[in-house]
Amino acid sequence: MLRSFLLYLSERQALKNLLSRYALGRRLAGRFIAGEELEGAVRAVRRLTGEGFAVTLDYLGESVHETRHAEQARDVYLGILDRLEAEGIQSHISVKLTQLGLEIDEALACRNLRAICERAVRCRSFVRIDMENSAHTDATLRVFRAAQAPPEVLGIVIQAYLYRSETDIAELLGCGARIRLCKGAYKEPPEVAFPRKADVDANFVMLMEKLLASGHCHAIATHDSKMVAATREFARARGIGADRFEFQMLFGIGRRMQRDLLRKGYRVRIYVPYGKQWYSYFMRRLAERPANLLFLLKNLVRG
Ligand SMILES: Cc1cc2nc3c(=O)[nH]c(=O)nc-3n(C[C@H](O)[C@H](O)[C@H](O)COP(=O)(O)OP(=O)(O)OC[C@H]3O[C@@H](n4cnc5c(N)ncnc54)[C@H](O)[C@@H]3O)c2cc1C
């Protein structure tokens, strides 16, 4: 119930305006984001890569409804790629298609995505399309295919909570796509997604096994120690080396597990979000773990 309520709030403009306006909101969100400006994100990326982590940088924003805003987001990403290259930082980027204009026109989102992929090729980077709510799954997969970028340049995300994901993964593996598997972060009806955590977890393990067995390099994105253990165990039993997949985790979450996996010789990529549009991302992080709400309330009391 609490999860549903927080996910409902994540789409409420009035609360977004209120929280975003105050320094307190920024301070609270600071646990999960690397700052509002690229400078802060670059500092975080340097620190993480210095510790041995791989990274993917996300310029926060979604559900853009004006073409010029979608093009601005594209230009920000082009600037990020140039900056990373100029500083010699190895980083992937993660993009949301609704930030690049998906809700305005699929062709616009595709044009913007292609421009980013072309720059990524020049900068020897990699672009991952985040997966948003199920209303956008078909369009996201269509744009991913229409972009016609090679698998070493462009990858996609699949959410284990959706019933359709097994079929989507089979099709994507057929064309050699590189996939990030996550559980799924949005409020979805029982008609499209498993309502029970146990079923989501079981589906995650089944899909993880398909990905690891495929022989391509995929990403297993979770902070769930049971999912991590299942992945390690499957890889060990099948003789799949630690260089044939990677774990991915979010900035500021599960830090001990991140370091522990790194020490054990696994590749760990940290998803580093930055930017002023942190509200919806922040609310989804609160929804994932009710204890985060206590942390928020304690900070509110402290002022
Ligand atoms: C790199 C990465 C990229 C992602 N990309 C997408 C995407 O494109 N689309 C999408 O829908 N979702 C995405 N997600 C989010 C994902 O779908 C889940 O909502 C999120 O990872 C929580 O699920 P979990 O696997 O960690 O397991 P859960 O069962 O939710 O959590 C397991 C344990 O992890 C810890 N934990 C989980 N979340 C938090 C949190 N917010 N704060 C503190 N501790 C926490 C807690 O200890 C919890 O008990 C991404 C996640 C990661 C790690």
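Both counts, for ligands and for their atoms, begin at 1 and track the order of listing.
- For Ser94 (side chain) and Asp130 (main-chain N/O), no donor-acceptor pair under 3.5 Å exists by modelled atom type.
- Comment: Asp260 engages Lys264 in a salt bridge, judged by a side-chain N to carboxylate O separation of less than 4.0 angstrom.
- By the 4.0 Å N-to-carboxylate-O rule, Lys183 lies close enough to Asp224 to be salt-bridged with it.
- Using cut-offs of 30° and 60° on the angle between ring planes, the pair Tyr77 and Tyr59 is perpendicular.
- With respect to Arg238 and Glu209, no salt bridge is recorded, no charged nitrogen being found less than 4.0 Å from a carboxylate O.
- Residues Phe194 and Tyr161 place their aromatic rings such that the two centres sit no closer than 6.0 Å.
- Within 4.0 Å of ligand 1, counting heavy atoms only, the contacting residues are Arg31, Asp130, Met131, Val157, Gln159, Arg180, Cys182, Lys183, Gly184, Ala185, Tyr186, Lys197, Ala221, Thr222, His223, Asp224, Gln248, Met249, Leu250, Ile253, Tyr271, Arg285, Glu288, Arg289, Asn292.
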